[in-house]
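This one's a predicted model, so the numbers in the text were calculated from it and none came from an experiment. Numbers restart at 1 for each chain; the letters A, B, ... are given by sequence-line order, proteins then strands.
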Number of protein chains: 2
Amino acid sequence: MNSKKLAEFLEYAASLCETREVRLTPQRLEVLSIIAASGKPVGAYEILQKLQQERPNAAPPTVYRALDFLQEQGLVHRLASLQAYLACNHPHDEHQGQFLICSDCGRVREMEDGAIHTSLCKAADKAGFDMDDEIVEILGRCGECKRVRS
Amino acid sequence: MNSKKLAEFLEYAASLCETREVRLTPQRLEVLSIIAASGKPVGAYEILQKLQQERPNAAPPTVYRALDFLQEQGLVHRLASLQAYLACNHPHDEHQGQFLICSDCGRVREMEDGAIHTSLCKAADKAGFDMDDEIVEILGRCGECKRVRS
DNA sequence: AATAATATTGTTACAATATAACATAACTCT
DNA sequence: AGAGTTATGTTATATTGTAACAATATTATT
């Protein structure tokens, strides 16, 4: 994410939290900024290292608490297959997204594909299952890597 | 899994490995048996504890190596959202399955839903993405828990 | 059968991810 | 100003997973 988009995103996040009357504190904002700036999934301890450049006394709970908050607000997703965190493209309420994870460049594209969601709902329904959360992560090779790296 | 189904499953696994000319060694079989017998996702260190009842000198690599083998053979799946392992319903080659994970009773149902797979392929394709693996885990409440626990 | 090559297991140590528990500080509301 | 709630500081530890290298067992080759 370039610095202009980053600034926009952070501002959007701030206004979103204001609307919801939840507190995007400086620490939470910093963590969000670190994740968004990287443009890729980031591990919690990688976030911690960067955060410690500003706040030398930051510790694992500092990061994990901020991550909890940001995930609740839909501003950040956790990628279960990578154990890493990613800023959200479209952080409106209630959504989880589906992810295309490139094993080559490490970048991730978030989708919100209605057909996928529908097929999941139908399958769950057929099994008499009440769906709370859905985790969809597709691993492979992105278009750019296919072009660039042979 | 009851003991009859368990025995059938283990025998099937043995014949499968024989056909493929890979070695389902006693250790690997024990690990598979522990997972299958539990009928639910099991953590690696839970497997280790049970394995140590038979083999007191088993260590983490003992378990993880067996798990690697069993996953390669499609006899066991790893559930990324739980960091746990589950015996496979239908261990033919080349499949990954989709999982309905009940947050209430902890049981998991594996599906192989063509519509889900198709929707994933289409979405990936539309994004110019070459799919290698798919991870689909649905968290919620199973039919039985809905009935039994109000 | 003896040897070489490969695959599996033993063993120790450690890395990476995440949480528990309790103290302190800050904010919010009356 | 004080009580209640939310957020942070801090230390220690739990959980999950791997690296690295030695020893053993299996398979293939001569």
Report task. Evaluate the criterion side chain to side chain contact (heavy atoms under 4.5 Å, CB included) for residue pair A:Asp132 and B:Ile138; output intermediate values, then yes/no. Result -> CA-CA 7 Å; A:Asp132 289 335; B:Ile138 299 174; over 6 Å; no
Query raised in the report: For DNA chain D, whose closest nucleotide is more 5', that of A:Ala66 or that of A:Gln83?
Result: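 The answer here is A:Ala66.
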Requested in this report: Mind listing the closest non-hydrogen atom pair of B:Ala36 and B:Leu6 along with its distance?
Outcome: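 For B:Ala36 and B:Leu6, the tightest heavy-atom pair comes out as CB-CD1, 3.5 Å.
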Query raised in the report: How about A:Arg28 and A:Arg23: do any of their side-chain heavy atoms sit closer than 4.5 Å?
Result: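 When only atoms from C-beta onward are counted, A:Arg23 and A:Arg28 do touch, with a gap below 4.5 Å.
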Query raised in the report: Going by heavy atoms in the side chains, are A:Leu32 and A:Phe9 under 4.5 Å from each other?
Result: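 With C-beta onward as the side chain, the pair touches.
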**Report entry** Sorted by number, the residues of residues 53-65 of chain B with heavy-atom contact under 4.0 Å to DNA chain C
**Finding:**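 Here the set is B:Asn57, B:Ala59, B:Pro61, B:Arg65.
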**Report entry** Interface with DNA chain C, restricted to residues 26-52 of chain B and to heavy atoms under 4.0 Å
**Finding:**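 Result for residues 26-52 of chain B: B:Gln27, B:Arg28, sorted by number.
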Requested in this report: State whether a side-chain donor-acceptor pair under 3.5 Å links A:Gln73 with A:Arg20.
Outcome: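 Yes, because at least one side-chain N or O of A:Gln73 sits under 3.5 Å from a partner of the opposite role on A:Arg20.
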Report task. Quantify the bending of the helix from C:dA1-D:dT30 to C:dT30-D:dA1 as the angle between its end axes, each fitted on five pairs, to 10°. Result ->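 Terminal axis comparison yields 30°.
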Is the side chain of [X] donor-acceptor paired with the backbone N or O of [Y] at a distance under 3.5 Å, no angle test?
X: A:Glu134; Y: A:Leu120; value: no
X: B:Lys146; Y: A:Gly128; value: yes
X: B:Thr19; Y: B:Ser15; value: yes

Report task. Could you check A:Glu110 against A:His77 for side-chain hydrogen bond (donor to acceptor under 3.5 Å, both in side chains), going step by step and ending with a plain yes or no? Result -> CA-CA 10 Å; A:Glu110 181 180 348; A:His77 295 291; 3.1 Å; yes
Query raised in the report: Taking CZ from B:Arg23 and C1' from D:dT27, how many angstroms apart are they, rounded to a whole number?
Result: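 Result: 9 Å.
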Query raised in the report: Which distance, rounded to the nearest 0.5 Å, do you find between the SG of A:Cys142 and the CZ of A:Arg107?
Result: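 So the SG of A:Cys142 and the CZ of A:Arg107 are separated by 6.0 Å.
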Query raised in the report: What distance separates B:Cys88 SG from B:Gln71 CD, expressed to the nearest 0.5 Å?
Result: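 The distance works out to 11.0 Å.
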Query raised in the report: With a 4.0 Å cut-off on heavy atoms, is B:Phe69 in touch with a base, just the backbone sugar-phosphate, or nothing at all?
Result: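 Touches nothing.
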**Report entry** Where chain A begins and ends its contact with DNA chain C, read 5' to 3' at 4.0 Å from heavy atoms
**Finding:**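 It runs C:dT17 to C:dC27.
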All N/O donor-acceptor pairs, side-chain side in residues 44-56 of chain B, below 3.5 Å, sequence neighbours left out:
| from | atom 1 | to | atom 2 | distance (Å) |
| --- | --- | --- | --- | --- |
| B:Gln52 | NE2 | B:Ala58 | O | 2.9 |
| B:Arg55 | NE | B:Glu30 | OE2 | 2.8 |
| B:Arg55 | NH2 | B:Glu30 | OE2 | 3.0 |

Report task. With sequence neighbours left out, write down each residue that passes side-chain contact (heavy atoms from CB on, under 4.5 Å) with B:Asp113, or none if nothing qualifies. Result ->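 Testing B:Asp113 for side-chain contact (heavy atoms from CB on, under 4.5 Å), a comparison that skips the adjacent residues, returns A:Ala123, A:Lys126, B:Gln98, B:Ala115, B:Ile116.
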